[in-house]
Amino acid sequence: MTDWGAMNDRVEAVKAGLDLEMPGPCSGNDARIVQAVRDGALSEEQVDVCAARMVELALRAAENAADAYDREAHNELARQIARESAVLLRKGSALPLKAGARLAVIGDFAKNPRYQGAGSSKINPTVITSLCDALDKRNIAYSYAQGFVAEGQPDDALVTEAVETAKGADVAVVMLGLPDSFESEGFDRAHMNLPENQNLLMAALVKTGTPVVAVLSTGSAVILPWREQADSILLLYLGGQNVGSAAADLLFGEANPCGKLAETWPLRLEDTPCYGFFGSKGNVEYRESIYVGYRYYDKAGKEVAYPFGHGLSYTTFAVSDLHLSAAEISEGERLDVSVTVTNTGDLAGKTVVQIYVAPPADGMFRPVRELRAFAKVDLAPGESKIVTMPLDSRAFAYFDTAAGNWRVDSGEYTVEAAFSSRCIERTEKVTVRGAEPNTALNAGVPAYCNPAAVWPVPKEQFEVLLGHPVPEERPLRPFTANSTLGEVQVSFAGRMFYKVIKKNMAKQFSGGADDITKMIDAMLEDMPLRQLAMLSGGAMTPAVMAGLVDMMNGHYLSGLKKMKG
């Protein structure tokens with residue numbers, strides 16, 4: 001199945017085994033399939049395969065449509081998932097909250113939680129529980145101040161009220177995060193900042209002398225200019241409909257945070273490996289190659305805010321007795337890794353022990369280490385458990401593009417037991433017998449072998465990796481059905497057409513939330529004309545599309561003729 005409006009060539013897609021285009025059927029595509037069969041470009045058998053699979057899916061859906069479920073049980077499952085996924089980024093003295101403490105709760109998200117993504121990821125929850133709802137249910141006393149409006153501008157009056165509320169408390173819990181207009185499907189963030197009104201609020205609150213616990217609701221990494229001044233920082237990500245109950249469980253120690261970051265949090269946008277190349281118009285050059293996330297930050301020795309795999313707890317853990325099942329293996333053989341994990345603190349808790357594999361030598365076009373296994377361990381205070389994880393041949397392999405297959409080089413590898421990619425607790429060596437090390441590429445791409453010295457990778461070395469020159473930037477003109485609404489605005493016809501689309505969108509979503517309007521505006525800029533036609537419900541026929549493209553290219557008479565058929 002395609003994403004909405006993602007189909008580029010329906011006939012070729014049928015050949016490739018794509019069953020369903022969405023939304024559909026899109027204008028003209030059914031006729032194209034029929035014509036392709038008549039012309040012999042597509043066989044009836046290929047169409048039958050798609051049709052049969054769609055009928056099978058429809059029958060399976062009909063069988064399950066009436067299945068009942070326990071709403072309350074599912075709501076509790078959502079609470080458990082949110083608890084297990086939350087990451088304690090920073091821990092001070094305020095957490096877990098003490099019973100009877102004077103509590104200030106601050107932030108728009110405390111009453112109106114950001115619990116799910118924007119766009120197509122939005123679903124209809126059975127119930128929404130905010131942090132304030134959860135505290136009220138527990139009969140926990142607190143003082144509330146809004147502090148900011150999620151989609152609003154800085155407001156001195158709201159900040160002043162929040163500061164006074166915090167001054168009268170033993171601890172202030174501040175619910176922060178990204179509103180829908182900052183992150184959604186259909187467009188990329190242009191920066192990594194929280195809204196200005198939230199950062200101004202936090203800057204004022206950390207000066208009050210009251211311990212501040214920041215609770216974040218965000219889909220991915222953000223820059224936290226006040227992170228060293230906050231007492232504690234708890235990351236909920238987008239925690240689902242019961243996120244308020246989960247937050248209360250974690251804040252009061254009824255549950256112990258045990259989530260780990262699945263991404264590195266950089267100190268600034270400019271530190272990211274694709275900075276300067278991703279999000280540009282025209283060619284997007286993937287110069288970072290294999291150095292995505294921690295593979296880049298660790299190889300380049302970059303300081304980060306929080307490393308991959310990071311996540312704290314209200315208790316402490318230790319790793320010992322790292323043991324490998326063999327000191328030497330051949331390619332294709334399994335290696336079992338066992339390690340003892342101990343809860344060295346006073347509270348029960350869970351942690352995730354991570355197993356990384358480091359290649360035989362540095363100075364190669366390979367990451368410093370790569371995560372190859374992990375396991376979550378539940379331990380009572382003082383308890384120890386032995387955890388065993390298997391490593392297959394792929395744990396020591398990399399993809400050899402020249403050979404078109406995975407390759408295991410001979411050498412001495414290091415197996416690391418860790419709590420993050422920057423917190424390595426124990427190491428052991430293992431000799432792997434595989435192919436002769438392939439060092440041919442290294443000489444031509446020194447920046448990839450040592451990104452700490454040179455980054456970004458020079459174009460010439462990127463071309464060595466590609467095996468061909470970087471293609472010339474595609475000129476905007478002549479426009480095609482794959483040109484975007486943002487691109488065609490350099491033409492008069494394109495600007496007029498864009499104004500019409502904006503007006504229709506504003507009419508369609510009039511009375512809707514401001515975040516939806518902002519999301520649609522951002523999506524339109526990068527939307528190809530063909531996708532707009534597919535989403536038009538048949539209003540923009542192939543003839544109309546062809547005519548519009550001609551007019552945007554300055555051929556007004558031929559464009560009008562095509563539109564009239």
Side-chain angles (χ1 to χ4, degrees), residues 79 82-83 86-114 129-148 150 158-177 194 197-218 222 224-237 239 243-259 306 311-316 345-347 349:
R79 176 180 182 174
R83 284 198 309 253
V87 182
L88 185 59
L89 296 177
R90 177 179 173 88
K91 182 187 179 302
S93 59
L95 292 182
L97 298 176
K98 298 173 179 61
R102 293 175 301 164
L103 180 63
V105 175
I106 298 169
D108 197 349
F109 290 151
K111 286 194 172 181
N112 304 291
R114 174 90 196 289
T129 303
S130 69
L131 176 61
C132 289
D133 292 333
L135 296 177
D136 292 341
K137 188 174 181 179
R138 288 167 164 82
N139 294 317
I140 294 173
Y142 62 93
S143 300
Y144 174 74
Q146 185 176 11
F148 64 89
L158 290 178
V159 172
T160 299
E161 178 193 19
V163 166
E164 293 305 312
T165 302
K167 285 180 178 178
D170 295 321
V171 61
V173 173
V174 190
M175 300 289 289
L176 305 167
L194 286 171
N197 57 4
Q198 296 185 32
N199 280 330
L200 290 174
L201 171 66
M202 284 297 294
L205 290 174
V206 296
K207 294 177 181 177
T208 62
T210 300
V212 176
V213 175
V215 182
L216 297 172
S217 296
T218 169
V222 291
L224 306 175
W226 37 261
R227 68 187 184 90
E228 297 294 341
Q229 286 75 50
D231 178 272
S232 301
I233 304 173
L234 178 64
L235 172 65
L236 298 177
Y237 281 111
V243 65
S245 298
D249 294 341
L250 294 162
L251 291 170
F252 284 93
E254 295 170 18
N256 201 338
C258 60
Y306 304 107
L312 304 176
S313 171
Y314 297 151
T315 189
T316 55
D346 299 325
L347 298 173

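Start at 1 with the first residue, then count along the sequence. All values derive from a computational prediction rather than experimental measurement.
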Q: List for me each residue that meets side chain to side chain contact (heavy atoms under 4.5 Å, CB included) alongside Pro96, sequence neighbours excluded, and say none if there are none.
A: Tyr314

Q.
I need the Leu347 CG to Ser313 OG distance, nearest 0.5 Å.
A. 7.5 Å

Q) Considering the options Leu251, Val215, Asp136, which one meets the side chain to side chain contact (heavy atoms under 4.5 Å, CB included) requirement together with Leu131? A) Leu251

Q) Between atom SG of Cys132 and atom CG of Asn112, what is the distance when rounded to the nearest 0.5 Å? A) 9.0 Å

(Q) Treating Asp231 as the side-chain partner and Ser93 as the backbone partner, does any N or O pair qualify as donor plus acceptor under 3.5 Å? (A) yes

**Q.** Residue pair Val243, Phe109: steps toward the side chain to side chain contact (heavy atoms under 4.5 Å, CB included) verdict
**A.** CA-CA 11 Å; Val243 65; Phe109 290 151; over 6 Å; no

(Q) Looking at every heavy atom in both Lys91 and Leu88, which two are closest together, and how far apart are they? (A) CB-CD2, 3.8 Å

(Q) Are Tyr144 and Leu135 packed together at the side-chain level, in the sense that at least one heavy-atom pair is separated by less than 4.5 angstrom? (A) no

Q | Smallest separation among heavy atoms of Gly349 and Thr315, with atom names | A | CA-CG2, 4.4 Å

(Q) To the closest 0.5 Å, what do you measure between CG (Leu250) and OG (Ser245)? (A) 11.0 Å

Q. Is any side-chain N of the basic residue among Arg138 and Asp249 closer than 4.0 Å to the acidic one's carboxylate O?
A. yes

(Q) With rounding to the nearest 0.5 angstrom, report the CG to OH distance, Leu97 to Tyr142. (A) 14.0 Å

Q) What are the two closest non-hydrogen atoms of Gly147 and Ile106, and how far apart are they? A) CA-CG2, 4.2 Å

Q | Val213 to Ala94 - nearest heavy-atom pair and separation | A | CG2-CB, 3.8 Å

Q. What distance do Arg83 atom CZ and Leu236 atom CG have between them, rounded to the nearest 0.5 Å?
A. 12.5 Å

Q: Measure across Val87 and Gly311 and return the closest heavy-atom pair with its distance rounded to 0.1 Å.
A: CG1-CA, 3.8 Å

Q: Compare all side-chain heavy atoms of Phe252 with those of Ile140 and state whether any distance is below 4.5 angstrom.
A: yes

Q: Can you measure from CG (Asn197) to CG (Leu176) and round to the nearest 0.5 angstrom?
A: 9.5 Å

Q) If you count the non-hydrogen atoms of other residues, nucleotides and ligands that lie under 6.0 Å from CG in Asp170, is the total more than 12? A) yes

(Q) Are the side chains of Arg90 and Glu228 in contact, using a 4.5 Å heavy-atom criterion? (A) yes

Q) Does any N or O in the side chain of Asp108 come within less than 3.5 Å of the main-chain N or O of Gln146, such that one atom is a donor and the other an acceptor? A) no

(Q) With a 3.5 Å distance limit and no angle check, can you tell me whether Tyr237 reaches the backbone of Leu216 through a side-chain donor-acceptor pair? (A) no

Q. Sub-3.5 Å donor-acceptor pair from the side chain of Thr210 to the main-chain atoms of Ala166, do we have one?
A. yes

(Q) If I compare all heavy atoms of Ala248 with all of Ala134, which pair ends up nearest, and what's the gap? (A) CB-CB, 4.0 Å

Q.
Checking the side chain of Gln198 only, and the main-chain atoms of Gly177 only, is there a donor and an acceptor separated by less than 3.5 Å?
A. yes

